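Note on naming: letters A, B, ... go to the chains in the order of the sequence lines (proteins, then strands), and numbering restarts at 1 for each one. Computed from a prediction, not measured in an experiment: that's the story for all the values here.
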Amino acid sequence: MPKVVTRFAPSPTGFLHIGGARTALYNWLFAQHHGGKFLLRIEDTDRKRSSDEAIDAILHGMKWLGLDWDGEAVSQFAQAERHREVAYAMLESGHAYKCYATPEEIAERRDAARANGTSFRGDIWRDKDTTDVAEGTPFSVRIKMPREGEVTITDHVQGDVTVQNSELDDMILLRSDGTPTYMLSVCVDDHDMGVTHIIRGDDHLNNAFRQYQIYEAMGWDVPEFAHIPLIHGPDGKKLSKRHGALGVEAYEEMGFLPEALRNYLLRLGWSHGDEEIISTSQAIEWFTLGNVGRSPARFDFDKLDNLNGHYLRNTDSKRILELIEGTLSDAIGHAPTAEEKEKVILSIPAVSERAKRLPDIVDNVSCFCNIRPLALDDKAAKTLSGDDIKTMLSGVIAQLAGLSDWTLDTIKPAIMEFAEANELKLGKVMQPVRAAVTGGKQTGDLIDTLVILGKEETLSRLADQTAD
RNA sequence: GGUCCCUUCGUCUAGUGGCCUAGGACGCCGCCCUUUCACGGCGGAAACACGGGUUCGAGUCCCGUAGGGAUCACCA
């Protein structure tokens, strides 16, 4: 068995969308699983629709997701000369022929056929005598498809699929301007790059039969195929740029961790028994094409959120800080100081417990920075608006101010003592203190919060709420 | 319309003829924990599209119907 070589071949007409990301993931995983290679090729043969921005977006998306490819990303357009060479070889061997029909003529014939309920195979010049054609007349090169028989492809996901050769059209290999089409280019590149397994979207299943004939005509080994189902939007409709499909950078901006998205994408259409949380190394060990489902899946943000929350909780605080530093600066209006960062890091474990996305952490962790006077949310404002709250808070300040040690073991007894002395329930004291000190943010255990904040900051915030 | 593919809880899925009175996860509902919030724990509602076969026995195999999807470019 030859070494496994897979590839991801996006066209640079936009960002790397979620479906493409999953296709790339599966290709990457399959190659890793077999100790093979994973190649990246940019399908830029359509010069008009390709852009460098799109290429950058795709490369960035791949890197962010952690899908590293072997060697350099290859430009398909750069191989145009080789593709042309193959087209001419097919012309030479009689597997292709010149077509002098104009695009208008073709369109006309196609429309007529459609109206008749028949199909048009583009074969106007297939058997025509070309001796009368004037020198220099532009022509395209079309493949001469077999008209008899059928081909069965054993797809690694879809199983045996059979198509009658009579269904195949004489597709164009070389446009009349001499540029190769995608259909030709993919075959040549996949062959030249030694790709053994083509794992791609379901939408290419029909193309496999057309491409099969190119391999046959050239006498090349036909690669293995695996056509994975497409991803649909929450409403069950196909995900497209117009319809809810987002680039992976959008998920990055929304605050998802790449490992969470990877895990989600892996489970969307693939399974290993009841496993849900799957590490990358585990995924590499377990991934096989046979476990890929055959029906399209819907994208579900709730599940992604849940998974992301799991990974957030298990991520080192320092890394979280690095990830949120930029947005945190925006939130507090200045770049966090070293002292603020220290407090933020201490608060991250507790805050992460209740977060689904990075912005949730930023929002709650922001109150550990020096942003007095603290803005209060509605609930906190209401808690602090009660009768005698100011007096009570002043009492708490007095109680706490006397503490020489500011720790878990000194603060809690002090507050309890204060509550008892004033015949107040603990909650009646804790809730206003929490509101005054956090402004309503979710920060975990109150005493922990006070410890992290420090004595001075705590007392200042409390004092802020006793002033008129 | 032609061709091809698909069809288990709302969603992602387990299931490869008996282990299925169909399991897990997300979401939802209830309870517990609790100084807030969340996490967590416990419990609950919730599905084999339909109709025929084959078989001692079908979610699992075959056929049909319905529904969904893909594709039919000098785009990729």
Side-chain angles (χ1 to χ4, degrees), chain A residues 9-13 43-46 48-50 76 99 101-103 106-107 110 113-115 117-122 138 140-142 155 157-159 161-164 166-169 171-177 179 181-183 185-186 201-209 227 229-230 232 234 236-238 264 267-277 290 293-307 309-310 313 350-356 360 364 379-380 383 415 419 425-431 433-435 438 440-447 449:
Chain A
S11 59
T13 54
E43 311 261 287
D44 53 357
T45 49
D46 184 350
K48 289 186 280 289
R49 302 207 304 162
S50 300
Q76 185 161 64
C99 170
T102 61
I106 298 288
R110 183 170 30 243
R114 192 88 178 225
T118 56
S119 57
F120 171 59
R121 302 201 200 82
S140 58
V141 174
R142 307 187 90 111
D155 190 278
V157 170
Q158 306 292 345
V161 182
T162 303
V163 166
Q164 299 299 317
S166 55
E167 295 293 332
L168 274 20
D169 66 321
M171 69 208 178
I172 289 181
L173 266 19
L174 234 44
R175 302 187 184 94
S176 48
D177 65 358
T179 59
T181 60
Y182 159 80
M183 214 59 80
S185 300
V186 242
D202 220 352
D203 50 341
H204 283 288
L205 184 54
N206 292 298
N207 286 337
F209 293 88
H227 290 91
L230 270 15
H232 288 180
K237 299 249 169 60
K238 185 194 176 187
Y264 178 73
R267 280 289 288 110
L268 193 65
W270 176 90
S271 62
H272 186 267
D274 287 337
E275 300 293 338
E276 296 288 348
I277 305 288
R294 292 196 251 194
S295 52
R298 298 186 190 198
F299 196 90
D300 180 17
F301 271 104
D302 283 333
K303 192 149 184 172
L304 211 207
D305 272 334
N306 177 271
L307 233 24
H310 170 86
R313 266 171 260 134
V351 169
S352 297
E353 283 293 308
R354 48 224 88 193
K356 291 194 188 316
D360 299 337
N364 290 313
K379 208 177 156 194
T383 304
I415 291 183
K425 276 191 177 169
L426 197 55
K428 289 288 174 203
V429 180
M430 300 282 257
Q431 279 172 350
V433 169
R434 172 182 289 278
T438 68
K441 303 298 187 192
Q442 297 166 14
T443 57
D445 183 81
L446 214 214
I447 310 300
T449 301

> With sequence neighbours excluded, what pairs up with A/His272 under the ring pair (Phe, Tyr, Trp, His ring centres under 6.0 Å) test?
Replying inline: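 A/Trp286.
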>> I want to confirm an ordering. Mapping A/Ile172 and A/Phe209 to their closest nucleotides on RNA chain B, which one lands closer to the 5' end?
In response: A/Phe209
>> Need to verify one output field. Residue with the more 5' nearest nucleotide on RNA chain B, A/Glu353 or A/Ala297?
In response: A/Ala297
>> Tell me whether the rings of A/Tyr264 and A/Phe299 are parallel (<30°), tilted (30 to 60°) or perpendicular (>60°).
In response: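 Plane angle over 60°, so perpendicular.
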> Given atom CG of A/Leu168 and atom P of B/C4, what is their separation to the nearest angstrom?
Replying inline: 12 Å
> Quick one: A/Asn206 CG to B/A70 P, roughly how many Å, whole number?
Replying inline: 12 Å
> When every nucleotide of nucleotides 21-36 of chain B is labelled 5' to 3' by its protein contacts under 4.0 Å (heavy atoms), B for base, S for sugar-phosphate only, - for none, what sequence of letters results?
Replying inline: --BBBSS-------BB
>> Strictly below 4.0 Å: does A/Ser119 bring a side-chain N or O up to OP1 or OP2 of B/G2?
In response: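 Answer no for this pair, as no side-chain N or O of A/Ser119 is under 4.0 Å from OP1 or OP2.
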> Where the side chain of A/Thr45 is defined as all heavy atoms beyond and including C-beta, which of B/G2, B/C6, B/A76 is the nearest nucleotide?
Replying inline: B/A76
> Residues in side-chain contact (heavy atoms from CB on, under 4.5 Å) with A/Thr179, at least two apart?
Replying inline: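 Scan of A/Thr179 (side-chain contact (heavy atoms from CB on, under 4.5 Å), adjacent residues dropped) gives A/Arg175, A/Asp177.
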Pairing partner of [N] (Watson-Crick or G-U wobble, both distances under 3.5 Å):
N: B/C42; result: B/G30
N: B/A22; result: none
N: B/C4; result: B/G69
N: B/G64; result: B/C50

> When the C1' atoms of B/U8 and B/G59 are considered, how many whole Å apart are they?
Replying inline: 7 Å
> Considering all heavy atoms of both residues, which atom of A/His227 and which atom of A/Ala208 are nearest to each other, and what is their separation?
Replying inline: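 Here A/His227 and A/Ala208 meet closest at CE1-CB, 3.8 Å.
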>> With the six-membered base ring of B/A76 as reference, does the ring of A/His204 sit under 5.5 Å away with planes under 30° apart?
In response: yes
> With distance as the sole criterion, do the side chain of A/Ser176 and the base of B/C74 form a donor-acceptor contact below 3.5 Å?
Replying inline: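 Present.
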